[in-house]
Amino acid sequence: MFELAQLRCFTTVATELNFRRAAERLNMTQPPLSRQIQLLEHSLGVELFSRNTRSVALTAAGRAFFIEAQALLERAQQAAIAARRFAEGDIGSVTISFVGSAVYEFLPKVIAEARLSQPNVKVALTEMNTFQQHEALRARRIDLGIVRAPLLQPGYETECLVREPFVLAVPASHPLAHAPVITVQDLHGMPFLMYSHSAYPPFNELLTGMFRSASVEPEYIQWLSSSLTILALVNAGMGLAFVPRCATNVVFKEVVFREIDLGDGIQSELHLVWRTDNDNPACKMLLEAIRSAIKAER
């Protein structure tokens, strides 16, 4: 099989139709240039040039090969450039998973900013709960995860991106919708919509634990896996609920959001998690872009 160096020799001679000038362009002497052309012709099994003491001309096979040789050299150059750009993280693809509530405010802004700085990186987004994302990271199905609970195990990195309070979502017809001040004690015995432990263990454990510490027992009527579903049921008047403040961007006609003091440490968090051995350069560049976007947002 011929080599790229032989193709460069051939295309240069085919352009100049003169071995001396071609050798000068290639910074070599004529004998090794002639040898490269002979090796190429032997490899192909055809004569590419008709030559005598006065002139050099392409044969019919040479003219056909000249077109293909130029295309091959261009593709080789493009492949080299692509390899360098991939190694620098300028091109490539990154798979990001996220919890559903991240799309209310955080994710669209951050991804938009990151795409501006990395326009040639393809970003694939997939929605998963926190547990599913942890499993997907272990199986290397995703590069980055946006989760509610960090993955505190060897081999993984975790970075807190967002901390924000919970707000109380109340049906517009409920007396608490217009109360001057609302406390946790006001929620005792109230019909309540809560995040399920299987889908949202961080929120479930945090909020139910807060109620127990305050000796408050709401009436849990549904255990749900999505802030959007919870708000839809609040809108239908089925109960009250805590949701992250970013969820107030979702507008429901019959839902009123109220501030409430839940005590120190009772807040919603979003964490970015990834494998420490992730060698995808585009992932590293996008990670920096996300950090910059978060810093600018703050």
Practice task
Determine, step by step, whether M210 and L206 satisfy the side-chain contact (heavy atoms from CB on, under 4.5 Å) criterion, reporting the C-alpha distance in whole Å, the side-chain angles of both residues, the deciding distance to 0.1 Å, and the verdict.
Solution key: CA-CA 6 Å; M210 180 273 300; L206 189 66; over 6 Å; no
Exercise for the section: Kindly indicate, with the supporting measurements, whether the criterion side-chain contact (heavy atoms from CB on, under 4.5 Å) is fulfilled by R25 and T15. Expected result: CA-CA 11 Å; R25 281 183 54 186; T15 301; 3.8 Å; yes
Practice task
Could you please spell out the steps behind the side-chain contact (heavy atoms from CB on, under 4.5 Å) verdict for F98 and E127?
Solution key: CA-CA 5 Å; F98 59 93; E127 183 179 350; 3.8 Å; yes
Practice task
Start with the C-alpha distance between F166 and F203, add both sets of side-chain angles, then the distance that settles ring-ring contact (aromatic ring centres under 6.0 Å, His included), and finish with yes or no.
Solution key: CA-CA 10 Å; F166 288 96; F203 282 4; 5.0 Å; yes
Practice task
Could you go through the side-chain contact (heavy atoms from CB on, under 4.5 Å) check for V167 and V243 one step at a time?
Solution key: CA-CA 6 Å; V167 296; V243 293; 3.9 Å; yes
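Among F10, F66, F65, the single residue meeting the ring pair (Phe, Tyr, Trp, His ring centres under 6.0 Å) criterion with F49 is F10.
Residues S215 and H188 have side chains not in contact (no heavy-atom distance under 4.5 Å, counting atoms from C-beta outward). Looking at heavy atoms from C-beta onward, D277 lies in side-chain contact with R140 at the 4.5 angstrom threshold. Within the 4.5 Å cutoff, the side chain of L233 has no heavy atoms near those of the I221 side chain. When side chains are defined from C-beta on, I146 counts as touching L272, because their heavy atoms get closer than 4.5 Å. Between F19 and V13, the closest side-chain pair of non-hydrogen atoms falls below 4.5 Å. By the 4.5 Å heavy-atom criterion applied to side chains, L40 and Q36 are not counted as neighbours. With contacts defined as side-chain heavy-atom distances shorter than 4.5 Å, the pair L176/R258 does not qualify. Under the 4.5 Å side-chain criterion, counting only non-hydrogen atoms from C-beta, L287 is not in contact with E157.
Side-chain atoms of H134 come within 3.5 Å of backbone N or O of A149 as a donor-acceptor pair. Judged by distance alone, the side chain of R245 and the main-chain N or O of P165 form no donor-acceptor pair under 3.5 Å. Remark: side-chain polar atoms of R148 are not paired, donor with acceptor, to backbone N or O of H271 under 3.5 angstrom. Between the side chain of T11 and the main chain of Q70, no donor-acceptor pair closer than 3.5 Å is present.
Summarising the local packing, CD of E217 is surrounded by 12 or fewer heavy atoms from other residues, nucleotides or ligands at distances under 6.0 Å. The environment of F131 atom CZ is sparse: at most 12 non-hydrogen atoms of other residues, nucleotides or ligands sit within 6.0 angstrom. For R138, the CZ atom is densely surrounded, since the number of other residues' heavy atoms within 6.0 Å is greater than 12. Taking a 6.0 Å sphere around CD of Q30, one finds it holds more than 12 heavy atoms contributed by other residues, nucleotides or ligands.
Here the straight-line distance linking atom CG of L44 with atom CG of L39 works out to 11.0 Å at 0.5 Å rounding. A distance of 6.0 Å separates CZ of F192 from CG of L240, quoted to the nearest 0.5 Å. To the nearest 0.5 Å, atoms CD1 (I266) and CG (L207) are separated by 7.0 Å. Note: R35 CZ to Q6 CD = 9.5 Å, rounded to the nearest 0.5 Å. The line from CG of L168 to CZ of F242 is 5.5 Å long, rounded to the nearest 0.5 Å. Atom-to-atom distance recorded for R141:CZ and T95:OG1 is 11.0 Å, nearest 0.5 angstrom.
Under the 4.5 Å side-chain contact rule for hydrophobic residues, Y195 and F257 share a cluster. Linking ILVMFWY residues whenever their side-chain heavy atoms come closer than 4.5 Å, directly or via other members, places M238 and L228 in the same cluster.
No hydrogens or angles considered: a donor-acceptor pair under 3.5 Å links the side chains of Q133 and S97.
For the pair V234 and G239, the tightest heavy-atom approach, listed with the atom from each and the gap, is CG2-O, 3.5 Å. Here the shortest heavy-atom pairing between A76 and L4 reads CB-CD1, 3.9 Å. Residues A169 and L231 approach most closely at CB-CD2, 3.7 Å, considering heavy atoms. Annotation for L193 and I230: closest pair CD1-O, 3.7 Å, computed over non-hydrogen atoms. In terms of heavy atoms, H178 sits closest to A172 at NE2-O, 3.6 Å. What you find for P244 and S227 is that their closest heavy atoms are CD-OG, 4.1 Å.
Clustering of Ile, Leu, Val, Met, Phe, Trp and Tyr side chains at separations under 4.5 Å places V147 together with M128, L137, I142, L151, Y156, V273.
Contact check on R21 versus E24 returns no salt bridge, with no Lys/Arg side-chain nitrogen under 4.0 Å from an Asp/Glu carboxylate oxygen.
Under the ring-ring contact (aromatic ring centres under 6.0 Å, His included) criterion, Y220 pairs with W223, not counting sequence neighbours. Residues passing the side chain to side chain donor-acceptor pair (under 3.5 Å) test with D186, sequence neighbours excluded: T183.
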